[in-house]
Amino acid sequence: MTSDADRILEKLGEMELRLQRLESISPNDEIITEERTEVAGEGELESEQVSRVNDSVVTTKRITMCDYCFGKIDQMSLCKKCGKKLCENCSIDFRNETICLQDLREVHPISRQVFKVILMIGNGITGEHDMNKVSGIPQDEMKGIVDFLRDSGYVTTSFLGGKRLTDLGTEAFYAHSQVLGGKDDMKDLDGRIEEYVSKS
Ligand SMILES: [Zn+2]
Ligand SMILES: [Zn+2]
């Protein structure tokens with residue numbers, strides 16, 4: 001007949017064995033692994049994180065997408081001003097730094113419509129009527145844009161009405177064309193400018 005003390009010792013021995021068995025199970029034997037893919041947040045770089053959620057080992061891969069256009073990044077650069085990750089199409093070389101369009105607009109507040117007018121003036125189409133014909137921008141809007149460009153120092157007007165880009169205007173043109181130049185409506189306009197210039 002076993003005493004109470006013996007029975008307790010026996011139970012303790014069983015528990016210890018069970019504990020040892022539990023501890024000896026390697027993670028790969030019974031743990032479910034799961035892989036998740038997330039898009040890294042703004043300014044965040046690619047990363048891989050392993051964490052345990054209940055019985056699962058979760059590997060979370062954060063992949064990088066362009067913080068500006070949300071497209072895939074082949075060659076990444078970071079905006080010097082705001083830290084956004086930028087793809088090739090969204091990064092702008094400006095005064096020896098790489099920046100995004102949003103930060104370029106802090107320096108040169110140029111909208112797409114305004115850029116179109118700069119593009120035409122840069123190509124020697126300077127009459128408001130001609131610019132309207134080539135771009136389709138209504139004449140009263142065109143007049144407002146031209147006034148803005150002159151008042152902001154992007155364009156000078158001679159007393160004969162001829163317009164040309166100032167150094168500031170040329171800088172704004174080259175900087176903005178890095179991003180806007182590839183857009184369909186700009187390529188379109190480029191084609192019409194070429195056609196117009198070759199006719200005149
Ligand atoms: Zn992009
Ligand atoms: Zn930026």
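First listed ligand is number 1; within each ligand, the first listed atom is number 1.
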Output yes when Asp190 and Lys187 qualify as a salt bridge under the 4.0 Å nitrogen-oxygen rule, no when they do not.
no

What angle sits at the Zn ion (ligand 2) between SG of Cys82 and SG of Cys79, to 10°?
110°

Between Asp93 and Gln178, is there a side-chain heavy-atom distance shorter than 4.5 Å?
yes

Restricting to N/O/S, name the atom of Asp103 that gets closest to the Zn ion (ligand 2).
OD2

Where the Zn ion (ligand 1) is the centre, what is the SG-to-SG angle for Cys69 and Cys87, rounded to 10°?
110°

Between Arg36 and Glu38, is the salt bridge (Lys or Arg N to Asp or Glu O under 4.0 Å) condition met? List the steps.
CA-CA 7 Å; Arg36 291 179 190 169; Glu38 289 175 2; 5.7 Å; no

Taking the six-membered ring for Trp, are Phe148 and Tyr154 parallel (under 30°), tilted (30 to 60°) or perpendicular (over 60°)?
tilted

